Amino acid sequence: MRFLWKLAPAFAAAALVSSGAVLHSDFEGGSTGRIDKVSDRHFHVGVEGETDQDGRNRQATWYYFRVDDAPREEMIFDMIDLPGEYNYRKNSGAITQETPPVISYDGKTWTHITDLEYDRTEPKLRIRIKPASSRFWVAHTPPYTNSDLAALRTDLKRRPDFEEQVIGKTVESRDIYLWTIGGGSGKKTVWLMFRQHSWESGSSWVAEGLIRTLTGADERGRRLRDRYVWKMYPMCDPDGVARGGVRFNRHGYDLNRNWDVIKPDVMPEITAQRKAIAEWIAAGNSIDLFMSLHNTETAEYLEGPPSGKATPEIARLAEKYFETLKTRTTFHPSRPLFYADESTTPGKPGRMTVIQGLWRDFQIPAFLMEQRVAYNEKLGRPPTIEDRLRFGQQLAEALAAAID
Ligand SMILES: [Zn+2]
């Protein structure tokens, strides 16, 4: 049990025996930092955050908790401990009034909370909730856990043209999957990657929508898997997803940096993923388009491989892909197409993203897509689970069109 009461023990004990509301995060994917119960209707909730192997680059993005025995009057949750650091630059945190939390009364259907107040001086995000029931869950974005993936996997095992390989184990000995849909040879190949960062649950809902489209019994599913090979890492950091982590693997390494170093003892995830790609290439196959999907708070963009601009063939592919996404999907970019530098921190080892590392080692046309959790003008709302699933469908078609 992990009650996370960082209070004087006597007071904590008193709070636990009282009949008032209690917060829990001791479940799959759950996370809070320190909790301070101001009154039965008012809590300070720290966002736990995570730092890297050197104690740097703190990111406090993910929170996911359950409230039991809630009163029926309005409750206040002040989300605190938000400031962080990104690529070694300090910031006041990713959580603001632009990132509305979601609430659920059944753990399955999630709606955005609109009664928010952001104080940028502290900083602090105040959430007001008038509970419709005595138990509810609150999270940064609709969660997608290892159990959700396991349910999808059970279903996929009955589908045509689905293959699974376990390419390695994580630090905590969880399987790392490589899934193939529509295998075979002599076809163009798309290779995808999801959840390099454990908090980014939105990208998993997109993955689910895409995978269900590719394995569908309808004409579209048949066409997409007959014409192309689809390979993917559906869950790159299952350890982080299990513990309600943010950005780093069990040893503190960012799985979307470090693609320029080989350290299997502390980053078995990257080692296994790179090896499977190297073997595919060495066997004479191609990767015609690679993409890693991510979430950010307010930005949405497509980043192409380093040197993309200098390579006309890759620039053509990138422009075609970007244009297709913009015109045929709900992707709503906040900046134009651009190309990655050779490293996120030039001269420092362990600072290459997957697209930078794959370009350096194999000249793969690799892309990184960020999708916002904030309000999306094209949708007219912050993205819901249904929006993410639908984008997954659209993404399958856009990827096929780009390499066609
Ligand atoms: Zn990310």
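Just so you know, ligand 1 is whichever comes first in the structure, and atom 1 is the first atom listed for that ligand. On a predicted model such as this, the values are computed, not experimentally measured, just so you know.
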- Query: Quick one: are the ring centres of Tyr233 and Trp191 less than 6.0 Å apart?
  - Reply: yes
- Message: Does the structure place the NZ or CZ of Lys231 under 6.0 Å from the centre of the six-membered ring of Trp179, at an angle of no more than 45° from the ring's axis?
- Response: no
- Item | the Zn ion (ligand 1) - name of the N/O/S atom of His294 that sits closest to it | ND1
- Message: Let me check your reading of the structure: within less than 2.8 Å of the Zn ion (ligand 1), is there an N/O/S atom from Glu370?
- Response: no
- Between Phe367 and Tyr321, does the ring centre distance come in under 6.0 Å? yes
- Out of Gln371, Glu200, Arg195, which one pairs with His294 under the side-chain hydrogen bond (donor to acceptor under 3.5 Å, both in side chains) rule? Glu200
- Message: With rounding to 10 degrees, what does the angle Glu200:OE2 / the Zn ion (ligand 1) / His197:ND1 come to?
- Response: 100°
